[in-house]
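See structure below.
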Amino acid sequence: MSTRGKPRILLMHYILDPGPAILAEAGEVVPYPPDRPLDEASIRQAAEGCTGIVSQLMDPIRETVLSTPGLKIVSNVAVGFDNIDVAAATANKVMVTNTPGVLDDATADFAFTLLMTTARRVVEADAFTRSGQFRGWEIDMMLGADVFGATLGLIGVGRIGRGVAHRAKGFNMRVLYYDPNPLPPDAEQQLGATRVDLGRLLAESDFVSVHVPLTQETHHLLSTPQYGQMKKTAILINTSRGPVVDEAALVEALNAKKIAGAGLDVYEREPAVHPGLVVLPNVVLAPHIASATTRTRSEMSAMAARNMATAVRGGRPPNLVNPEVKR
Ligand code: NAD
C-alpha cells in the first residue's frame, strides 16, 4: 500500500487502452524504470511496497520477486505464463492471472499465415521481385508446397490449436493432433481431427504446427529424433514458445535437409535468433507477433488490467492460473 492508502501497482511495460485507465482507477500505478534491467533483483527492488505487478513475457517473476511482502497478484499480459514460477507464487499466496481466449483468433491466423508464407515462399518471392530479378514467368520458378488438401499435424489442441484446425477445414486439410487431453468426440468430428501419437503425427504430416505451453515436459519436445521422424518435405511452424523447439537441432535438420522449412514466431533465447536460421532462405522469421493485432493487444491489455483491478479490490480475478490461492 502507498502512504495515500491506494494499492500500488507496478506496471512493468506500458499497455494499450483501455488498460491504463482501468489500472489508474484501481490503484496508484508505478511504472518500472525503463532504464533498469529486467532481472529478478531489480524487479524485486521496484516491487517493494506494491500489491500487484502487471508483467509481460520477458519479465522473470520468480521466488525473489514473489516473496516481496504485501504482494498479492501478478497479472501477466499473455496467455502463456512460463515467465512466472507459479509454484513459488502459490507458496507465497500470490495470485497469478493470464489473458486466455482474446488472442486465439489472432494467433491462429498468424500460425496459418506462417504456414502459407513458408509453403509458398512469399518472403523469398517478395525479395526477388523487389530486387528486380523478375524477368518473366518461368515454369519452375519459386516452386513451393501445396497447402490445400495437405496433412496438418497439430501438437497441442487447446484454444489456439483448435483455431488452427478450424482454419484448416477451409483448406480441405487432413488434421492429425497429438495432445494428452483428447478433444471431446463432437469437437473431433466437427474439426475433422484425428488423435494420434507423436511419432505418427511427425511421420505423416506435411505441416507440423506447435501449440503447447512451455513446461518442463514440453521443453525441446521437438529435437533431433523428432526432426528425423518428419517427412523431408515437411514444414515446421512454431507460434508457441521458443524453447519447445530445439533451435540448434532445427538448424542442423534444415541444413541436412531432413525437413524442408520452418516458419517461426518465437525463439529459444529471445530476442536473439540462432544465426544459423537467419541465413536460410527456406525459413520465415517473425518477431513474436502472433497476437499482434490492434484489437487483440488492446483486449489483452484490458483483460490484464481487469484481473489486476479485481484482485487489488479483494476479489477473485476471472483468469486465475493458481485458483488454490483464492478459494
Ligand atoms: P491451451 O492451454 O488452451 O492449450 C494448450 C494445449 O496443449 C492443451 O490442450 C494441452 O493439453 C496441450 N499440451 C500440454 N502439454 C502437452 C504436451 N506435452 N504434448 C502435447 N500437447 C500438450 O493454450 P493456448 O491458449 O492454446 O496457448 C498455447 C500456447 O501458445 C500458450 O501457452 C503460449 O505459450 C503460446 N502463445 C503464443 C503466442 C505468440 O504470440 N506467439 C500467442 C498466444 C499463445
Side-chain angles (χ1 to χ4, degrees), residues 13 16 55-59 76-84 86 96-115 117 152-167 175-184 187-188 191 193-202 205 208-223 226 236-246 262-268 270-271 273 284-297 299-301 303-304 319-323:
H13 313 270
L16 300 188
S55 58
Q56 297 189 16
L57 53 88
M58 53 287 198
D59 305 327
N76 216 34
V77 194
V79 65
F81 45 85
D82 45 276
N83 58 308
I84 302 170
V86 177
V96 176
T97 61
N98 67 343
T99 64
V102 290
L103 38 56
D104 297 354
D105 282 328
T107 307
D109 281 351
F110 198 74
F112 227 86
T113 303
L114 280 179
L115 187 156
T117 309
L152 171 65
L154 297 171
I155 302 184
V157 279
R159 289 169 292 248
I160 297 167
R162 280 200 298 267
V164 177
H166 192 190
R167 283 152 181 77
V175 177
L176 304 177
Y177 78 92
Y178 167 69
D179 194 311
N181 296 307
L183 289 169
E188 273 194 2
L191 294 168
T194 305
R195 186 168 180 236
V196 293
D197 62 32
L198 184 58
R200 183 167 160 209
L201 181 144
L202 295 170
S205 298
V208 173
S209 190
V210 188
H211 303 285
V212 295
L214 173 61
T215 61
Q216 273 176 0
E217 289 73 41
T218 62
H219 183 265
H220 284 194
L221 185 63
L222 295 178
S223 188
Q226 289 72 36
L236 173 69
I237 307 297
N238 188 13
T239 55
S240 66
R241 285 287 184 266
V244 175
V245 163
D246 181 341
L264 306 174
D265 185 46
V266 288
Y267 305 91
E268 260 200 272
E270 290 181 18
V273 179
V284 174
L285 305 171
H288 205 148
I289 55 167
S291 69
T293 70
T294 307
R295 182 188 63 80
T296 298
R297 288 281 168 86
E299 288 188 9
M300 290 166 66
S301 299
M303 193 178 227
N319 308 111
L320 201 50
V321 165
N322 53 349

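Note that these values count all heavy atoms, side chains included, but never hydrogens, waters or copies made by symmetry. Remember, it's 1-based here, ligands and their atoms both numbered in the order they're listed.
Checked against ring-ring contact (aromatic ring centres under 6.0 Å, His included), Phe112 has the following partners two or more places apart in sequence or in another chain: Phe171.
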Does ligand 1 have any N/O pairs with the protein under 3.5 Å, and how far apart?
from, atom 1, to, atom 2, distance (Å)
ligand 1, 3 (O), Arg159, N, 2.9
ligand 1, 3 (O), Arg159, NE, 3.3
ligand 1, 3 (O), Arg159, NH2, 3.3
ligand 1, 9 (O), Gly158, N, 3.4
ligand 1, 9 (O), Asp179, OD2, 2.7
ligand 1, 11 (O), Asp179, OD1, 2.6
ligand 1, 11 (O), Asp179, OD2, 3.4
ligand 1, 11 (O), Asn181, ND2, 2.8
ligand 1, 25 (O), Arg159, NE, 3.1
ligand 1, 25 (O), Arg159, NH2, 3.2
ligand 1, 26 (O), Arg159, N, 3.4
ligand 1, 26 (O), Ile160, N, 2.9
ligand 1, 34 (O), Arg241, NH1, 3.4
ligand 1, 40 (O), His288, NE2, 3.3
ligand 1, 41 (N), Thr239, O, 2.9
ligand 1, 41 (N), Asp265, OD2, 2.9

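His211 and Asp179 form no side-chain donor-acceptor contact under 3.5 Å, judged by distance and modelled atom types alone.
Residues Arg297 and Ser291 form a side-chain contact, since some pair of their non-hydrogen atoms from C-beta on lies under 4.5 Å apart. Ile289 places a side-chain heavy atom less than 4.5 Å from the side chain of Asp265.
Of the inter-residue distances, the one linking Leu222 atom CG with Asn238 atom CG reads 8.0 Å to the nearest 0.5 angstrom.
When atom types are taken as modelled, the side chain of Thr218 and the backbone of Leu221 share no donor-acceptor pair closer than 3.5 angstrom.
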